[in-house]
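See below for the structure under consideration.
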Amino acid sequence: MSRVTIVGAGLAGSLLAIYLARRDIVVNVYEARPDMRLTDVPAGRSINLALSDRGIAALRQVGMDEYMLAEAVPMYGRMVHSEIGKTSLLPYSGRTGEYINSVSRAGLNIALMNEAEKYESVRFHFNARCVDVDCGTGGALFSTRSRVKADTLIATDGAGSSVRTAMAATTADYELSQVFLEHGYKELHIPSTSVWTGKVKPPTAARFDTAFLMEPNALHIWPRHRFMMIALPNFDGSFTCTVFLAHTGGNATGKERASTAHEEGSLPALDANASFDQLTTESGVRTFWEREFPDAIPLMPTLAEDFFHNPTGNLGTVKCWPWNVDGNILLLGDSAHAMVPFYGQGMNCAFEDVRVLDGLIERHGTDWGTVYDGYCQLRKVNTDAIQDMAEENFYEMRDAVADPVFVRKRHLETRLEQTYPDYFSKYSMVTFREDLPYSIAKERGNAQDRLLMQICASGDDIDEMDLDKVMASVRALA
Ligand code: FAD
């Protein structure tokens, strides 16, 4: 029996343990944190995540998809909130059945660990931080002082990977780039109606699910050009909001804010700016929210408390190469390719990594050198593509969803998806096409986007357009 050391029992490491155990491999998983099933440790960087088709495909292969989806909240589109609190839904797809799912990070992680532990060949070791790795052998030293050497080591220890650090230190000409956005993020909370403590009476529109204070089946977004807030529904009726602001220096010039206000035609010009370093008082935070997110603030009774209590996280893209040292070590998931969260693909991509690796084990057995070389060649071009698209999507979410030409393009894409089975928007190719590599989604999607933005810039009525003609031009791109 082959023996594998996994470093990191996060989302990728726990799923990988299940996949390897199903191939009769002995697996020891070392995790720096305590067991999250026994102690109340923060699950990680976000409370909930968008799970979509690539991630679901990987869960399906080990029979975990239905279990996870049973506690997920479907999100059918982006609910865009304007500066005066007007909302409009931009569907993710024109086809029924294509939507993303809000799942609990901790719930998913725990379910994966529980499933992995059903196999006798899997053992988790908690409070065991990897502190050193011998890249020549794949042996590792942990904070528990135990030294471990299996047939190979797979590092799923996340964006700040210590295994990657060891590889970079001992590999000549190691390529490593870590690029951080000027923006950081902070998580905030909108409670469920059942625990409502706000002064304002919660909305009771009949079409809303009674537990939720906003439309439950959407990813809510408040795009404000230089910054934004989003909110994902939780199964218990609450929402987790994430505000993305520059760390320092203000988020918009007075001129930019004035011009946006003018376009909206309903807001006075605003001159004050805000970034995390400027929002230092409770009244400052309130004033900022009242101005920028007026429809959200009545739903956020613990805004100031959350704002000053919750940590501010960084957002970055990590690219590195090589990912393996012969058959001794492999980086997988965020340790190899951390990305900004704006396509909702980091976990989905990490789960796809596991599925691809498993396909190569099926072909080459436990000849780890051959498996890793094949895996890296197959995967790098695709993870580069999704990392780039994730960065681009930040600007789409922050700016474009409030841009009339972009909104018209989304309507046109919805109509194309409703009419032609072979039309997929870039978003759909990335999110709903587990059969399509990310690199192809990027190439086709960008060409399509350029064409459709050009068509929509004309200002013609989308409902009057000759769809066959538009579709012919799209097909001609292929
Ligand atoms: P992680 O989940 O980070 O797990 C790494 C594990 O390794 C952790 O348990 C950690 O404690 C452990 N560890 C670290 N160092 C050591 C060490 N030295 N020794 C032992 N153990 C160690 N992705 C999506 O698909 N959809 C989303 O909607 C989405 N939203 C996101 C929102 C935010 C704000 C952020 C920051 C990320 C989001 N992501 C999303 C990305 C997603 O969280 C990551 O891509 C995913 O968690 C990667 O899984 P991983 O197992 O590789 O790393």
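Just so you know, ligand 1 is whichever comes first in the structure, and atom 1 is the first atom listed for that ligand.
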NZ/NE/NH1/NH2 to OD/OE distance under 4.0 Å, Arg23 and Asp358: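 Asp358 and Arg23: salt-bridged.
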Tyr185 backbone acceptor or donor facing Thr312 side chain under 3.5 Å: no
Asp449 backbone acceptor or donor facing Lys409 side chain under 3.5 Å: no
Interfacing atoms of ligand 1 (cut-off 4.0 Å, heavy-atom, [X]):
| X | answer |
| --- | --- |
| Gly158 | 3 (O), 5 (C), 53 (O) |
| Gly333 | 52 (O) |
| Thr156 | 5 (C), 6 (C), 7 (O) |
| Gly10 | 4 (O), 6 (C), 9 (O), 51 (O) |
| Val7 | 19 (N), 20 (C) |
| Tyr30 | 20 (C), 21 (N) |

Please check whether [X] reaches ligand 1 - meaning an N/O of the residue sits under 3.5 Å from an N/O of the ligand, judged on distance alone.
| X | result |
| --- | --- |
| Asn48 | no |
| Gly344 | yes |
| Cys130 | yes |
| Ser162 | yes |
| Met347 | yes |
| Ala12 | yes |
| Arg33 | yes |
| Ala9 | no |

Does [X] approach ligand 1 within less than 4.0 angstrom via side chain, backbone, both or neither, non-hydrogen atoms only?
| X | answer |
| --- | --- |
| Ala128 | backbone |
| Phe142 | neither |
| Met339 | neither |
| Ala32 | both |

Is the [X] ring parallel, tilted or perpendicular to the [Y] ring (thresholds 30°, 60°)?
| X | Y | value |
| --- | --- | --- |
| His247 | Phe276 | tilted |
| His125 | Tyr30 | parallel |
| Tyr372 | Trp368 | tilted |

Of the listed options Gly346, Ala50, Gly8, closest to atom 28 (O) of ligand 1 (non-hydrogen atoms): Ala50
Of the listed options Asp157, Val29, Ile100, closest to atom 14 (C) of ligand 1 (non-hydrogen atoms): Asp157
Candidates Asp157, Thr152, Val122, Leu20 - the one meeting side-chain contact (heavy atoms from CB on, under 4.5 Å) with Ile6: Leu20
Phe394 vs His183, ring pair (Phe, Tyr, Trp, His ring centres under 6.0 Å): CA-CA, chis, key distance, verdict: CA-CA 10 Å; Phe394 173 52; His183 286 65; 5.1 Å; yes
Cation-aromatic face contact Arg54/Tyr438, 6.0 Å, 45 degrees: yes
Lys NZ or Arg CZ of Arg444 over Phe424 ring: under 6.0 Å, within 45°: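 Judged by the rule (NZ or CZ under 6.0 Å from the ring centre, within 45° of its axis), Arg444 is not positioned above Phe424.
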For residues 62-75, run the donor-acceptor check on the side chains, cut-off 3.5 Å, and write out each pair with its distance to 0.1 Å, sequence neighbours left out.
none

Proximity of Tyr92 and Tyr99 rings by center, below 6.0 Å: no
